[in-house]
Structure formats: C-alpha cells, structure tokens
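In what follows, chains are A, B, ... by sequence order, proteins preceding strands, each numbered from 1.
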Amino acid sequence: MDILKDLQDRGLIYQSTDLDLLRKRLGEGPITLYCGFDPTADSLHIGHLVTALTLRRFQLAGHHAIALVGGATGLIGDPSGRTSERTLNQKETVEEWVEKLKKQLSRFIDFDSSQNPARMVNNYDWTKSLDVISFLRDVGKNFSINNMLAKESVSSRLDKGISFTEFSYMILQSYDFFKLYELYGCELQLGGSDQWGNITAGTDLVRKMHNEKVTVHGLTLPLITKSDGTKFGKSASGAIWLDADKTSPYAFYQFLLNVDDNDVIKLLKVFTFLTIEEILELEQEVATAPEKRVAQRTLAEEVTRLVHGEEALQRAIHITNSLFHGEIRNLTGQEITEAFQDVPSTTLSDQQGSLVDALVQVGAAKSKREAREFISNGAITVNDVKVTHIATKLAELAPLDGKYLVIRRGKKKYYLCEVVA
RNA sequence: GGAGGGAUACCAAAGUGGCCAACUGGGGCGGACUGUAAAUCCGCUGGCAUCGCCUUCGUAGGUUCGAAUCCUACUCCCUCCA
C-alpha cells in the first residue's frame, strides 16, 4: 500500500521535506518514524488524534512507529503557535501527565503486537543526563542563532518577548530526532503544522551531525478546520478531551454526531480507518439523504470506539437512544445511573421541596428566577413529562424507580436528581 | 510637562436629575420549524418575591425629597501638543 498516496487522499499532508525522496525511501522498505507529544495537560485532546492516528496509519502499513512523550520538552515549553510565554509546570505534575499520555497513546498505537510493535520513548531519558558543556559544544554548535531567529515560532515572539528557555526548545526537539536516529534509525518525524520549524531544525541537525551524509525526513499535518474557518475540536464547554473523566464517552460521541454536513467527510478521512471508497459512498449518502446523518453516525461510532472502546461506545449509543428516541420511563433504576453518570446530578433530601429549588440545586438554572422562566417557557421536562406549573412540588413528579428525576432542559441538556427520604 | 475625551450589565453602545433594572446590536439561553442541522421567526437575559422589595452604571465621599445623570477627590484608559 502506498502510504503517502493514502495520506494525500485524506488531505493529511501539509508540508514536507523532499517528498519524492521520501517516497523513494518508503519504496525501499519499512521506515522508522516518530511523533512527539508534550505533556502540557493531563490528557490529549481530539486534535492530538490527527497525528497519533497518522502514526498508526504508518504502523499499519508496516512501518516502525515511535511515540515520544516529552518528559523533558514538557518541562521547557514549546513557543510554537503561542503568542506569549508559557508558565512552567511543576516537575511532579509533568511526570504525572507523562504517565497519563502514555496510557492514552497505547489506545491508538499498538505497542504489544508480535509482528511490528511500536515503541514508546520519553525524551527525558536522554536529556536528563546531558551536561551543559557537552550540550553547548556538541549540539549547540550546530545551530545558528540567525536561523533560529528566523523561525516563525521565535520571530513572532520577538516583539512580545521570549525567554531563553523557550527559545532553546527547538534545540531539544532537534536533539530528540538525532537521538532517535542514533538509537533506532528513525528517519522521519511527523507533527502538526505548527511543528514545521522544529522538525526542519531536527532534520538539519541530524544531517550536520553526520557531516551532510545522511538525509532524514519531515512531514507536517494540516490543522483541521471546520467549513466556517474555525478550528475543529472545541465545543461550547471547551476542548474535547480523550480522557473519559474529562469528556465523557457520551459527550464525545455526541460531539462527533453533531458535526456539520460540510465537515463530516473531511473528518471521516482524517479520523477513521475507513477506506477512501467507503468514505466516498458516505459522501453520496450525505448528498442524497442528509437527514439520515449516516456519515455522522459512522464518524461518531468509529472514533468513539477507537478512543473509548466498544463497551463505552455501546453505552453512548444506548444513552443517545433513550434520550433522543426512546422513553426514559422505560429505563430501570440501574440503567438510569449508568446512562446519566456523565450528566450533572444531585441528591435531594426534601421530598416536599419545589421543582424550582431542585433546578437551581442541580445546576439547570442559575437562579430561582431563571428556573421559573424555564418552567413557564416550557423548557423543563421531568421524566418525559413537560412541567409548566411554577409551583410544582417534587412529590407530584412520580420519580422513576421511586427516586430518580430525570430533568431535561431545552432539547438536549440533562440533569439527574436522586430523591432520598 | 501641557490640552482634551472617556470609564454603563457577558461584549459593543445609548442614556446626561424622577417615566431607568437602564434604548439598541452582538453573544448566550429558551420556544416554534427541522435532521439532536443550517437559515428564519418569537421570547428571555441582576437577585429575591404574592402587588412589591433589594443590589447595580470606574472607586470614595457630597448636593437633592429623589442621581447612571450634578459637585469634589482618587484610580485607570484614549487622543492631541511638547
């Protein structure tokens, strides 16, 4: 399989070093490649999936993938794409995040396969023991300040200011590439479009360290944008995380299910392993029967399964069905706790309390006034029954399984109240 | 250093003694329509409550029966001249 053609068909190639040379090299046999992930948060988000899955595409095509977590670079801070200096994170925090990222990456990249297992590395391992003198003599000598200043990540910060720490970032990342070439014969680095400067700095370093006799390659992937020009991956409530505790599988599934018709095909190409042919069929489906949203459903299922597993996917579908197409009343108490574990909930002790107070307590309304407004607007449904009387008491609402009140506000916001004696 | 202009609710922007909880636009939220869409239309958008009450218009005081509106001081921002 021609991996480069597949990536091109999917719109996944943005910038590259000599593409013909890379194609030639790939034709000669499996290549070792790497992509780095810096621990800047306790979880990856949906944007990281683009590069992580591309790494997997290479692995599936028989190439040797290395996933690097930036235990060292995460302590320094990449200036790329940032308009201001980062605040340094605590060492312990970064260590913790490294572990979390490692765990997440193993969901998409196969480190245990018997034929072609991928490798996980942490650049802290070879950076921690680097002493200043050898770093400056052996590595630093290969970097020209003039060149470094010209890089977008640095030049864009010269007016606003940049610390020496962040300025040096690209040297560390370049050293990673060099180190991986030495250790594992790694010849290709993948990254997001903002990584171009760091990647070329790396290919340059490897070449210089070998007296211009070695060529390694770099590839960047495009930033995924929506048809309205904005960045993909942000919901009203913030980033879409891969950590189930930060973005529930249900919310994750819903996010993808709700993508615009104009974006869904592009996203299928980027985020799924469906063949281009299969995706083109779905494109037809969008054109002829958009209301069925087959493409969106496919996208949501494929990616949720990939990130959270089959079981979580089924749960997300089940919740979706009962919330949007089924009857909540049909659910058992156990199913309710399961279905609404991702939804804001609260426990009410006063069965004689008013619905208005309950709405405020569960967070469905910011104030009693707003709660009353929602009720009189017909925005509030409790256990499938629309409530329109402001003075409604909890006791009148017939809890499911004797204790659950499933409150819906508007069309798709849910809250769960458990009433205890 | 000198001269002038401004600070209003999430943002923008009216209001210049009582009719102001404060025009209007955007955003947000809710409703109708729909495909859990887009577009469109309608409503709400300080808090508590049974008429009504309480807290808000940069900060702190003052004048007045009554102030976002007038006066004083302070803080911050902008423009122009040096």
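- On the C1' atoms, U56(B) is 10 Å away from U8(B), given to the nearest whole Å.
- What you find for G74(A) and P39(A) is that their closest heavy atoms are CA-CD, 3.9 Å.
- Without hydrogens or angle criteria, E166(A) side chain to S163(A) main chain gives no donor-acceptor distance under 3.5 Å.
- Other residues, nucleotides and ligands contribute at most 12 non-hydrogen atoms within 6.0 Å of the OH atom of Y14(A).
- Look at A39(B): it lacks any Watson-Crick or wobble partner with both distances under 3.5 angstrom.
- The residues D20(A) and K24(A) are annotated as not salt-bridged, no charged nitrogen and carboxylate oxygen being separated by less than 4.0 angstrom.
- Remark: C51(B) base-pairs with no nucleotide; criterion is Watson-Crick or G-U wobble with both hydrogen-bond distances under 3.5 Å.
- Taking atom P in both C74(B) and A3(B), one finds a spacing of 15 Å when rounded to whole Å.
- Residues I46(A) and F232(A) form a side-chain contact, since some pair of their non-hydrogen atoms from C-beta on lies under 4.5 Å apart.
- Ion pairing between a basic and an acidic side chain is recognised when a charged N comes within 4.0 Å of a carboxylate O; R369(A) and E373(A) show such pairing.
- In this structure, a donor-acceptor pair under 3.5 Å is present between the side chains of Q15(A) and T220(A).
- With a cut-off of 3.5 Å on both Watson-Crick or G-U wobble distances, the partner of U34(B) is given as none.
- Rounded to a whole angstrom, the distance from the P atom of C70(B) to that of A14(B) is 16 Å.
- Counting non-hydrogen atoms of neighbouring residues, nucleotides and ligands closer than 6.0 angstrom, the CD atom of Q90(A) reaches no more than 12 such neighbours.
- For the C1' atom pair drawn from G4(B) and A38(B), the interatomic distance equals 49 Å after rounding to whole Å.
- Pairing of A73(B), defined by two Watson-Crick or G-U wobble distances under 3.5 Å, is identified with U59(B).
- The pairing partner recorded for G4(B) is C78(B), the criterion being a Watson-Crick or G-U wobble arrangement whose two distances lie under 3.5 angstrom.
- Residues from residues 299-314 of chain A with heavy atoms under 4.0 angstrom of RNA chain B: there are none.
- The pairing partner recorded for U45(B) is G27(B), the criterion being a Watson-Crick or G-U wobble arrangement whose two distances lie under 3.5 angstrom.
- Comparing the P positions of U63(B) and A13(B) gives a spacing of 34 Å, expressed to the nearest Å.
- Between the side chains of D78(A) and S80(A), a donor-acceptor pair is found at a separation under 3.5 Å.
- U50(B) and G43(B) have their P atoms separated by 26 Å, given to the nearest Å.
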Original post:
Could you write nucleotides 32-48 of chain B as a row of B, S and -, 5' to 3', where a protein heavy atom under 4.0 Å of any base atom gives B, of only sugar-phosphate atoms gives S, and otherwise -?
Top reply: -BBBBS------SS-SS
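- Pairing partner, U16(B): none, since no Watson-Crick or wobble contact has both distances short of 3.5 Å.
- Residue H217(A) is tested with T203(A), L19(A), L188(A), I199(A) for a side-chain contact (heavy atoms from CB on, under 4.5 Å); the sole match is L188(A).
- C44(B) and G61(B): their C1' atoms are spaced 38 Å apart (whole Å).
- Here, G28(B) and C11(B) have their C1' atoms 11 Å apart, quoted to the whole Å.
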